[in-house]
Structure formats: C-alpha cells, structure tokens
Amino acid sequence: ILNVQAAVYGDEAVAAMSIVSRIVFFVIEVSTGIGHGFQPVSAINYGAGKYKRVKEAYRFTTVVAECIAAAFVVVLLWKTEPVLALFRDDSTVIAMGSRTLRWQSVALLFVPICSCTEMLLQSTGQKLSATILSAMRSGIYFIQVLLILSKLRGLAGVQEAQAVAFILAGVSAVPFLIAYFHRLDRMEKDRIHRENRRELTIMEKIRENIYRIGIPLKVSPLKEINSYLIRGTDRDLLIDTGYRREECITIMKDALKQL
C-alpha cells in the first residue's frame, strides 16, 4: 500500500520509500532480536512465580534496545545522504529519501518499547493484548495514517506516515505496560502472602493420624519439602526428613512439638 501511494509521485518516490524501509527495518530487526532473547527469560521467571524478575528483565531489555536504536539514529541522522547513496546513486531518490529517513530515524526510538512490551505479553500468556499491540504496530495505525496523510499532505504525508505510525504504536504500548506491571505487582504480593501463610502453617492434618509437614527451602528451586508423619499406637513413621540443614531441623522440631 505504501508503494501504491508513492507511485503517484513517480518511480523515484517508490525507490526512495523502498530503500528507507529496508534501512529502517534492518534496525528494527536488531531490536526484535534482542526481544527474542528476552522472551525465554520472561517465560521461565513468570512460570516460576518470580514476577519481580520479569519486570527487571523487561526494563533491562528495553534499555539495551533503546540504546542500540539511539546509536543507529545518530548515524542515520548524521550520514543520511551517504547511507542512501549506498543503495541508489540518484540525486532525486536521495532527496526524497532523506526527509523520509530522518523522520523514521527519530521515530525508531518509539519502536523498542512497543516490541518489547509485545514480547513481554506474548511470553507470559497474554495472547489477546499481544495480538492487539502487534496489529497496532504492524498495520492498524500505518494504513490509516498513510491514507489520511497522503490525502492531506501529498508526498510529505507519504514520507511521514510510517514515522507517525511508529510513534502512535510506542505511545499505545505504555497503557498496556502500566496495566500489566500493576497486575504483576498484585501477583507478587499474593505470592509473598501465600509463602508467609505456608511458613506459618508448618503442620497440616490430612487424615486421621496423618500429617503433612511443609519445610520451606529458601535457597532451592523446590521451594518446599513435604514430609509426612503417620501416628501409630506404639511408634510413629516420618517419611522424608528433609535436608540436613539447621533451618530444616528447626522447623521439623517445631512441627513435632505441635503434636
């Protein structure tokens, strides 16, 4: 659809838009690659209930992606014409492409927050939100903005459309991110509350004369060992005594004192 709108202004406009798109999407793919590295980290920590780490990983990824994008932006703004000349040594194409590339270079700073937020939502099972955000970034904004600006501003509107769409998508990602971070905060509080309750409820009666003793393991991914005590007439049976650690022994003794 971009080429159709640009074709109204000649083959040079089509060539300029195509060249700029290749350059810009190369930079976007770098940010996307960083985001793909973030996804397994996000998914693993989300599955493990480490919601604070999910937020920390997102912040780190976004900052790195923004820094890389900023470095590309500096180069593209500084060497706009030479970069375009690498693809087509035509003064008309370079003149048309220069304005387009400068606009899109500045708008690239809004891309990482959108793509990283989209990948955060994808990796943590928020499929609908991720799909909506992806559609906004990939088509919804761009198509509408291109059709409107091309009518209002002619060639200048065609040159500006993709940049405006990037900015709108980046701004739209912020409400999604804030809402999801609030949700992660609530989930983190619930997790801490459950762990505190688990530590307080050391022994749980399952059936008559059968008890479960939960022994927390703060330094192990297992989080807790379930020991079982079966009361007998003459003797008792303790299944799985836990690790030979001072904290495990202390909790076990405290639980047995409750009987």
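- Of the residues listed (T100, V93, V20), the one engaging L84 in a side chain to side chain contact (heavy atoms under 4.5 Å, CB included) is V20, and it is the only one.
- Put simply, the side chain of W103 does not reach to within 4.5 Å of the side chain of Q159, judged on heavy atoms.
- Under the rule for a ring-ring contact (aromatic ring centres under 6.0 Å, His included), F176 has no partner lying at least two apart in sequence or in another chain.
- For A173 against T117, the heavy-atom pair with the smallest separation is O-CG2, 4.0 Å.
- Annotation: side chain of D240 is not in contact with side chain of N226 (no heavy-atom distance under 4.5 Å).
- Atom CG of L155 sits about 12.0 Å away from atom CG of L149, to the nearest 0.5 Å.
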Side chain to side chain contact (heavy atoms under 4.5 Å, CB included) for F181 and L120? Distances and angles first, verdict last. CA-CA 10 Å; F181 268 22; L120 168 68; 4.0 Å; yes

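- The shortest distance between side-chain heavy atoms of L109 and E66 falls below 4.5 Å.
- Heavy atoms only, all atoms of each residue included: V14 and A6 are closest at CG2-C, 3.9 Å.
- The distance from atom CD of Q122 to atom OG1 of T131, rounded to the nearest 0.5 Å, is 7.5 Å.
- A distance of 9.0 Å separates OG in S21 from CD1 in I28, rounded to the nearest 0.5 Å.
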Please evaluate residues Y51 and Y46 with respect to the criterion ring-ring contact (aromatic ring centres under 6.0 Å, His included), reporting the C-alpha separation (whole Å), side-chain torsions for both, the decisive distance (0.1 Å), and the verdict. CA-CA 6 Å; Y51 308 116; Y46 182 83; 5.6 Å; yes

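- In the hydrophobic cluster analysis, where Ile, Leu, Val, Met, Phe, Trp and Tyr join through side-chain heavy atoms closer than 4.5 angstrom, L101 is grouped together with L86.
- Here the closest heavy-atom approach between residue D90 and residue T92 is recorded as OD1-N, 2.9 Å.
- D89 places no side-chain N or O within 3.5 Å of a backbone atom of A85 that could act as its donor or acceptor partner.
- Rounding to the nearest 0.5 Å places CD1 of I68 at 3.0 Å from CD1 of I34.
- At least one side-chain heavy atom of Q5 sits under 4.5 Å from a side-chain heavy atom of L146.
- Two different hydrophobic clusters hold L2 and F25 under the rule that ILVMFWY side chains link at heavy-atom gaps under 4.5 Å.
- Distance CD1/I230 to CD1/I239: 4.0 Å, rounded to 0.5 Å.
- Residues M252 and L238 form a side-chain contact, since some pair of their non-hydrogen atoms from C-beta on lies under 4.5 Å apart.
- Distance alone, capped at 3.5 Å, is enough to place a donor-acceptor pair between the S150 side chain and the L147 backbone.
- The shortest non-hydrogen separation linking C114 to A169 is SG-O, 3.8 Å.
- Without hydrogens or angle criteria, Q144 side chain to I140 main chain gives a donor-acceptor distance under 3.5 Å.
- For R53, the CZ atom sits in a loose shell: 12 or fewer heavy atoms of surrounding residues, nucleotides or ligands are nearer than 6.0 Å.
- Residues V24 and L168 do not share a hydrophobic cluster, defined by chaining ILVMFWY side chains whose heavy atoms lie under 4.5 Å apart.
- The shortest distance between side-chain heavy atoms of M119 and T32 falls below 4.5 Å.
- Between A107 and I167, the closest heavy-atom pair is CB-CG1, 4.0 Å.
- Within a 6.0 Å radius of CG in N3, other residues, nucleotides and ligands contribute more than 12 heavy atoms.
- The minimum heavy-atom distance between T62 and C116, with the atom names listed, is OG1-CB, 3.6 Å.
- Considering only residues two or more places apart in sequence or on other chains, E81 meets the salt bridge (Lys or Arg N to Asp or Glu O under 4.0 Å) condition with R102.
- Take F38 and apply the ring-ring contact (aromatic ring centres under 6.0 Å, His included) test, not counting sequence neighbours, and it matches no residue.
- Of the inter-residue distances, the one linking D185 atom CG with K52 atom NZ reads 10.5 Å to the nearest 0.5 angstrom.
- In the hydrophobic clustering of this structure, V111 does not group with V171; members are Ile, Leu, Val, Met, Phe, Trp, Tyr whose side-chain heavy atoms approach within less than 4.5 Å, directly or through other members.
- There is a path of hydrophobic side-chain contacts, each under 4.5 Å, that joins V54 to I178.
- The closest donor-acceptor contact from the side chain of Q126 to the backbone of T124 lies under 3.5 Å.
- One N or O on the side chain of T61 and one on the backbone of A57 form a donor-acceptor pair closer than 3.5 Å.
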